[in-house]
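See below for the structure under consideration.
Only a predicted model underlies this, so the values are computations on that prediction, with no experimental measurement involved.
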Amino acid sequence: AHFREIDAAGGLVHNENNEHLLIYRKGKWDLPKGKLDEGETPQQGALREVEEECGISDLKLGEELAPSYHIYELNGVRILKKTYWFEMTSAQQEFTPETEEDIEKVVWVDLNRNVVEELDTYPNIRLVLRRAIDLL
């Protein structure tokens, strides 16, 4: 009752080289994600958001991962955002960052524990990436 709840979904995309897709937005490394449209399932929203934000056309949806939660304030309203995460695969090498969403870069990164800990990212994204490394 103290929060307005928003659902979002995103993808932890990897390729055949076990590299993971990261986006660079607003001075931080991030994962592609966004709010669900009305009537959209988390799976549909995750695929749509990754496709839109990265310009990917060959995504394959995998397993659902543990969700993350984020609290913030917008115009005096406290928001609780739940993000559903899904594993995805892609072989695409060329990307088109969605500049309207302030995405500057889309890159494949060879993740390991040291890279994740040194990455300039958000705490919740670091948790998702740590989980990914534990699954490798």
Side-chain angles (χ1 to χ4, degrees):
H2 299 287
F3 296 95
R4 179 172 157 233
E5 295 182 26
I6 292 177
D7 286 339
L12 182 63
V13 185
H14 66 274
N15 62 21
E16 64 276 358
N17 299 321
N18 274 331
E19 297 169 313
H20 287 80
L21 193 74
L22 294 180
I23 62 174
Y24 191 75
R25 172 187 5 218
K26 298 182 180 177
K28 299 266 189 192
W29 290 102
D30 203 348
L31 292 170
K33 65 187 174 313
K35 295 176 193 159
L36 296 179
D37 289 342
E38 189 164 330
E40 191 172 48
T41 66
Q43 293 88 341
Q44 292 167 330
L47 285 168
R48 177 185 53 76
E49 285 292 340
V50 175
E51 288 172 357
E52 289 175 358
E53 292 192 349
C54 303
I56 293 182
S57 58
D58 73 339
L59 284 174
K60 291 179 184 57
L61 188 67
E63 297 288 317
E64 184 171 0
L65 303 169
S68 64
Y69 297 87
H70 178 69
I71 296 172
Y72 62 99
E73 194 167 313
L74 181 63
N75 301 325
V77 177
R78 294 174 64 184
I79 309 289
L80 172 62
K81 183 164 83 172
K82 177 180 182 179
T83 302
Y84 297 89
W85 293 103
F86 294 88
E87 283 186 306
M88 297 179 188
T89 58
S90 171
Q92 192 164 319
Q93 293 297 314
E94 303 271 327
F95 306 106
T96 306
E98 189 177 25
T99 55
E100 298 82 21
E101 291 290 328
D102 300 316
I103 300 170
E104 298 175 37
K105 294 185 232 178
V106 179
V107 298
W108 289 116
V109 176
D110 185 9
L111 291 181
N112 61 50
R113 186 67 69 177
N114 290 335
V115 169
V116 169
E117 297 309 317
E118 293 179 16
L119 204 59
D120 187 8
T121 190
Y122 302 98
N124 279 347
I125 298 301
R126 191 177 320 280
L127 288 174
V128 174
L129 293 173
R130 283 178 186 150
R131 288 185 212 140
I133 290 171
D134 291 343
L135 295 174
L136 293 177

Report the C-alpha separation of Lys33 and Glu53 in whole Å, then their side-chain angles, then the decisive distance to 0.1 Å, and conclude whether the salt bridge (Lys or Arg N to Asp or Glu O under 4.0 Å) test is met. CA-CA 8 Å; Lys33 65 187 174 313; Glu53 292 192 349; over 6 Å; no
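Residues Phe95 and Lys105 fail the side-chain proximity criterion, which asks for heavy atoms closer than 4.5 Å. Proximity of Lys26 to Glu104: side-chain heavy atoms (C-beta onward) are nowhere separated by under 4.5 Å.
For Arg126 (side chain) and Leu119 (main-chain N/O), a donor-acceptor pair under 3.5 Å exists by modelled atom type.
Residues satisfying the ring pair (Phe, Tyr, Trp, His ring centres under 6.0 Å) test with Tyr84, not counting sequence neighbours, are none. A search for side-chain contact (heavy atoms from CB on, under 4.5 Å) contacts involving Glu73 returns Arg78, not counting sequence neighbours.
To the nearest 0.5 Å, the span separating CG on Asp110 from CD on Glu19 amounts to 6.0 Å. Taken to the nearest 0.5 Å, the OG1 atom of Thr96 stands 11.0 Å off from the CD1 atom of Ile103.
The existence of a salt bridge linking Asp120 and Lys28 is confirmed by a sub-4.0 Å separation between a basic side-chain nitrogen and an acidic carboxylate oxygen.
Contact between Ala9 and Gly45 at its shortest, heavy atoms only, is CB-C, 4.2 Å.
Cluster membership for Trp29 and Leu127, using ILVMFWY side-chain heavy atoms within less than 4.5 angstrom, is not shared.
Hydrophobic cluster membership for Ile71: Phe3, Tyr69, Leu80 (Ile, Leu, Val, Met, Phe, Trp, Tyr linked by side-chain heavy atoms under 4.5 Å, directly or transitively).
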